[in-house]
Peer 1: 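If you scroll down you'll find the structure; I have some questions about it.
Since this is a predicted model, take the numbers as computed values, not measurements. The figures that follow rest on heavy atoms only: side chains count, while hydrogens, waters and symmetry mates do not.
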Amino acid sequence: MSFCRLLRRAFSTATATQPKPKSIRAISEDLYRERNLKLLVRKFKESSEIYRFRTKSSIYEETVRRLGTAKRFNAIEEMLEHQKKYPDFADEGFAVRILSLYGKAGMFDNAQKVFDEMLERNCARTVLSFNALMGACVNSKRFDMAVKIFKEVPEKLSVEPDLVSYNILIKAFCKMGSFDSAVSVLEKMEKKGVKPDVITFNTILDCLCGNQGFSDAEKIWGVMVEKDVIPDIRSYNAKLMGLALEKRSKEGAELVEELRSRGVEPDVFSFNALIKGFVGEGNLEEAKRWYGELVKSGCAPVKWTFETLVPFACEKGDVEYGFELCKDVFQRRRLASASMLQPVVDGLVKASMIEQAKELVRLGNTNSYKRFNLKLPSDE
């Protein structure tokens, strides 16, 4: 065999035995399964060497979310600062992603640093990065800083705030409790020729309806109609919550029926608002009815739904209904607290419903997703 043929065979064999590069999906799944957070950060940084990986914003968001939940802010900084070594950082979209992720983690100073470094890297700073910086303020609960940035930065950058900018400013004012300031932004928008959208009004409606400002919210609703902005389900949910807090849940129920007649389907937040209202008015039967409507609609009750209804059922002496709700908690694998479940066990024993109490203890202590250490009163 000739020397050239031997070389070709050797190289072809080496090529054949080289491991196939992992797909981005496989890398993502590996990161998702990784429970050691130090190892997670190391793997993330290694994967960042792959350009296609750096285009997957959802992987970045999920990893930062996990680290933030674990309060691993140093790890978030290590991971995101590592991204600045890549040429992508000179692209505004990539830099804005890093800035926004710092904001979602509540790390505003780091977000501000990214914004300042964009200039040093000759990275364009348009209204996109301006909005991201304001969003980072709100996510980091630096609401006063959002107002300051809105006043000072546009002139420095020679950018004109857009609809998103005004919506973030309104949200900042609402979070600060400055309702009048939030409403006054609508006037500024009109002067600048910026047309408000449903997000603009929903932000104000949520704020007013959730803070005993229902009469003012009704005025804002009138302005929304006047501006030809069509309400969505979130708009109606704000109204439903306002009616609940005003102890006008009957009107809320009528509103839901009206929506249904117009082909607008309520969501879980709509039903939760009604449940909250009837619980606040001490009406267990109506609260039960609307929980039934929630389930019948195909919506999934959330943790809040059970935390509101279960103690109320026990308070009203209907431990049997409380028991049925608790079984639903386990069937749907909802996270709950032992402090919500144990009183139901105690109430069942007091009502001589021993078998049901035993079943609830068994469900609480043997389910596959969370153990609650429930006890029968006689076990203590």
Peer 1: Hey, what do you get for CD1 (Ile168) to CG (Leu133), rounding to the nearest 0.5 Å?
Peer 2: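 Atom-to-atom, Ile168:CD1 and Leu133:CG are 9.5 Å apart.
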Peer 1: Do any side-chain atoms of residues 169-179 form donor-acceptor pairs under 3.5 angstrom with protein atoms, and if so which ones, sequence neighbours left out?
Peer 2:
none

Peer 1: Would you say NZ of Lys250 has more than 12 non-hydrogen atoms from neighbouring residues, nucleotides or ligands within 6.0 angstrom?
Peer 2: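 Counting other residues, nucleotides and ligands, NZ of Lys250 stays at 12 neighbours or fewer.
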Peer 1: Given Val147 and Phe143, is the side-chain contact (heavy atoms from CB on, under 4.5 Å) satisfied, shown in steps?
Peer 2: CA-CA 7 Å; Val147 176; Phe143 309 120; over 6 Å; no
Peer 1: Report the residues that fulfil salt bridge (charged side-chain N to carboxylate O under 4.0 Å, His left out) with Lys192, sequence neighbours left out, ordered by chain and then residue number.
Peer 2: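 So Lys192 forms a salt bridge (charged side-chain N to carboxylate O under 4.0 Å, His left out) with Glu160.
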Peer 1: Kindly say whether Gly364 contributes a backbone atom to a donor-acceptor pair with the side chain of Asn367 at under 3.5 angstrom?
Peer 2: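 Side chain of Asn367 to backbone of Gly364: a pair is present.
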Peer 1: As a quick check of understanding, evaluate side-chain contact (heavy atoms from CB on, under 4.5 Å) for Arg72 and Val41, giving each step before the final call.
Peer 2: CA-CA 10 Å; Arg72 298 292 189 88; Val41 172; over 6 Å; no
Peer 1: Are Asp346 and Val349 close enough that some pair of their side-chain heavy atoms sits under 4.5 Å apart?
Peer 2: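 SC-SC contact between Asp346 and Val349 ruled out.
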Peer 1: Taking the side chain as every heavy atom from C-beta outward, state whether Asp88 and Tyr51 have any pair of such atoms under 4.5 Å apart.
Peer 2: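 Yes - at least one pair of side-chain heavy atoms lies under 4.5 Å apart.
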Peer 1: Suppose we screen for side chain to side chain contact (heavy atoms under 4.5 Å, CB included). Which residues come up paired with Arg25, at least two apart in sequence or across chains?
Peer 2: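 With neighbours one apart ignored, the set is Ser23, Glu29.
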Peer 1: What pair of heavy atoms forms the shortest contact from Cys326 to Val310, and how long is it?
Peer 2: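 Scanning both residues completely, I find the closest heavy atoms to be SG-CG1, 4.1 Å.
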Peer 1: For residues 273-285, which side-chain donor-acceptor pairs fall under 3.5 Å, sequence neighbours excluded?
Peer 2:
{"residue": "Glu281", "atom": "OE2", "partner": "Arg248", "partner atom": "N", "Å": "3.4"}
{"residue": "Glu281", "atom": "OE2", "partner": "Ser249", "partner atom": "N", "Å": "3.1"}
{"residue": "Glu281", "atom": "OE2", "partner": "Ser249", "partner atom": "OG", "Å": "2.9"}
{"residue": "Asn283", "atom": "OD1", "partner": "Glu285", "partner atom": "N", "Å": "3.4"}
{"residue": "Asn283", "atom": "OD1", "partner": "Glu286", "partner atom": "N", "Å": "3.1"}

Peer 1: I'd like to know if the side chain of Asn139 reaches the main chain of Gly106, judged simply by a donor and an acceptor atom lying under 3.5 Å from each other, with no hydrogens or angles considered.
Peer 2: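 Answer holds: no.
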Peer 1: Does the structure place the NZ or CZ of Arg234 under 6.0 Å from the centre of the six-membered ring of Phe269, at an angle of no more than 45° from the ring's axis?
Peer 2: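 Geometry flag: not set, cation outside 6.0 Å or 45°.
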Peer 1: Above 12 or not: heavy atoms from other molecules or residues under 6.0 Å from CG of Leu259?
Peer 2: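 Yes.
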Peer 1: Can you hop from Met79 to Phe73 via hydrophobic side chains spaced under 4.5 Å?
Peer 2: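 Same cluster.
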Peer 1: Determine, for Glu187 against Lys191, whether the closest basic-nitrogen to carboxylate-oxygen distance falls under 4.0 angstrom.
Peer 2: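 Salt bridge: no.
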Peer 1: Tell me whether Thr63 contacts the main-chain N or O of Ile59 through its side chain, where contact means a donor paired with an acceptor under 3.5 Å.
Peer 2: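 Here the side-chain-to-backbone pair exists.
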Peer 1: In Å, rounded to the nearest 0.5 Å, how long is the span from CG of Asn110 to CG of Leu101?
Peer 2: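 It comes to 11.5 Å.
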Peer 1: Does any non-hydrogen side-chain atom of Tyr291 lie less than 4.5 Å from one of Asp328?
Peer 2: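 In short, these two side chains touch, coming nearer than 4.5 Å.
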Peer 1: With a 4.5 Å cut-off on side-chain heavy-atom distances among I, L, V, M, F, W and Y, is there a chain of contacts connecting Phe94 to Phe44?
Peer 2: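 Looking at the clustering, Phe44 is in the same group as Phe94.
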Peer 1: Classify the side-chain pair Glu49/Tyr86 by whether it contains a donor and acceptor separated by less than 3.5 Å.
Peer 2: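 There is such a pair between these side chains.
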Peer 1: Using modelled atom types only, decide if a donor and an acceptor are shared between the side chain of Glu92 and the backbone of Ser129 within a distance under 3.5 Å.
Peer 2: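 It does hold such a pair.
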Peer 1: Say whether, by atom type as modelled, one donor and one acceptor occur between the side chain of Ser140 and the main chain of Arg142 under 3.5 angstrom.
Peer 2: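 No, because the side chain of Ser140 does not come within donor-acceptor range (under 3.5 Å) of the backbone of Arg142.
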Peer 1: What is the distance from atom SG of Cys299 to atom CD of Glu265, rounded to the nearest 0.5 Å?
Peer 2: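 Reported to 0.5 Å precision, the distance equals 8.5 Å.
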Peer 1: Hey, quick one: are Val344 and Leu335 part of the same hydrophobic cluster, counting side-chain heavy atoms closer than 4.5 Å, chains of contacts allowed?
Peer 2: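 Hydrophobic grouping puts Val344 with Leu335.
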Peer 1: With sequence neighbours excluded, what pairs up with Arg362 under the salt bridge (charged side-chain N to carboxylate O under 4.0 Å, His left out) test?
Peer 2: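 Scan of Arg362 (salt bridge (charged side-chain N to carboxylate O under 4.0 Å, His left out), adjacent residues dropped) gives none.
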Peer 1: Are the charged groups of Lys327 and Glu324 less than 4.0 angstrom apart, N to O?
Peer 2: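 Yes, charged N to carboxylate O under 4.0 Å.
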Peer 1: Determine whether Phe323 and Leu360 make a side-chain contact, defined as any pair of heavy atoms from C-beta on separated by less than 4.5 Å.
Peer 2: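 Counting from C-beta outward, Phe323 and Leu360 do come under 4.5 Å.
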Peer 1: For Lys84, which residues count as a side chain to side chain contact (heavy atoms under 4.5 Å, CB included) partner, sequence neighbours excluded?
Peer 2: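 Expected list: Glu81, Phe89, Lys113, Val114, Glu117, Arg121.
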Peer 1: With no hydrogens and no angle check, just 3.5 Å: does a side-chain donor-acceptor pair link Asn74 and Glu78?
Peer 2: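 Side chains of Asn74 and Glu78: no pair found under 3.5 Å.
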Peer 1: Taking atom NZ of Lys370 as the centre, report whether more than 12 heavy atoms of other residues, nucleotides or ligands fall under 6.0 Å from it.
Peer 2: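 For Lys370, atom NZ is crowded (more than 12 foreign heavy atoms under 6.0 Å).
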Peer 1: Given 3.5 Å as the limit, does a donor-acceptor pair link the side chain of Arg125 with the main chain of Asn122, or not?
Peer 2: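 No.
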Peer 1: So that I can tick it off, tell me whether Lys227 and Glu190 are bridged by a salt bridge, with the cut-off set at under 4.0 angstrom between side-chain N and carboxylate O.
Peer 2: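 Answer for the salt bridge query: yes.
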Peer 1: Could you measure the distance from the CG atom of Leu255 to the CG atom of Leu240? Nearest 0.5 Å is fine.
Peer 2: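 So the gap between those two atoms works out to 5.0 Å.
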Peer 1: Taking the six-membered ring of Tyr60 as reference, does the cationic atom of Arg97 (NZ for Lys, CZ for Arg) lie under 6.0 Å from its centre and within 45° of its axis?
Peer 2: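 Arg97 over Tyr60 ring: yes.
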Peer 1: Assess whether atom CZ of Arg35 is packed by more than 12 heavy atoms of other residues, nucleotides or ligands within 6.0 Å.
Peer 2: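 More than 12 heavy atoms, drawn from other residues, nucleotides or ligands, come within 6.0 Å of this atom.
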Peer 1: Provide the closest heavy-atom pair for Ser235 versus Pro231 in the form atom of the first, atom of the second, distance.
Peer 2: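 Heavy atoms only, the tightest pair is OG-CA, 3.5 Å.
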Peer 1: Determine the minimum heavy-atom distance between Ile220 and Leu186, stating which atoms define it.
Peer 2: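 What the structure gives for the nearest pair is CD1-CD1, 4.4 Å.
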Peer 1: Tell me the closest heavy-atom pair linking Ser165 and Val127, and the distance in Å.
Peer 2: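 Shortest heavy-atom separation between Ser165 and Val127 comes out as OG-CG2, 3.8 Å.
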Peer 1: Flag yes if more than 12 heavy atoms outside Lys358 fall under 6.0 Å of its NZ atom; otherwise flag no.
Peer 2: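 12 or below, so no.
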Peer 1: Say you draw a straight line from NZ of Lys22 to CD1 of Ile50; how long is it, rounded to the nearest 0.5 Å?
Peer 2: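 CD1 of Ile50 is found 9.0 Å from NZ of Lys22.
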Peer 1: Rounded to the nearest 0.5 Å, how far does CZ of Phe108 lie from CE of Met145?
Peer 2: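 The CZ atom of Phe108 is 5.0 Å from CE of Met145, to the nearest 0.5 Å.
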Peer 1: I need the minimum non-hydrogen distance between Phe115 and Val153, along with the two atoms involved.
Peer 2: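 Closest pair (atom of Phe115, atom of Val153, distance): CZ-CG1, 4.2 Å.
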Peer 1: Taking C-beta and beyond as the side chain, do Val345 and Leu376 meet within less than 4.5 Å on heavy atoms?
Peer 2: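 Of all side-chain heavy-atom pairs linking Leu376 with Val345, at least one is under 4.5 Å.
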Peer 1: Hydrogens and angles aside, do Gln83 and Ser48 bring a side-chain donor and acceptor to less than 3.5 Å of each other?
Peer 2: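 Distance-only check passes for Gln83 and Ser48.
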Peer 1: Count the heavy atoms belonging to other residues, nucleotides or ligands that lie under 6.0 Å from CD of Glu155, then report whether that count exceeds 12.
Peer 2: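 Counting neighbours around CD of Glu155, 12 or fewer heavy atoms of other residues, nucleotides or ligands fall under 6.0 Å, so no.
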Peer 1: Within the 4.5 Å heavy-atom criterion, are Phe130 and Pro154 side-chain neighbours or not?
Peer 2: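 Yes. Closest side-chain heavy atoms under 4.5 Å.
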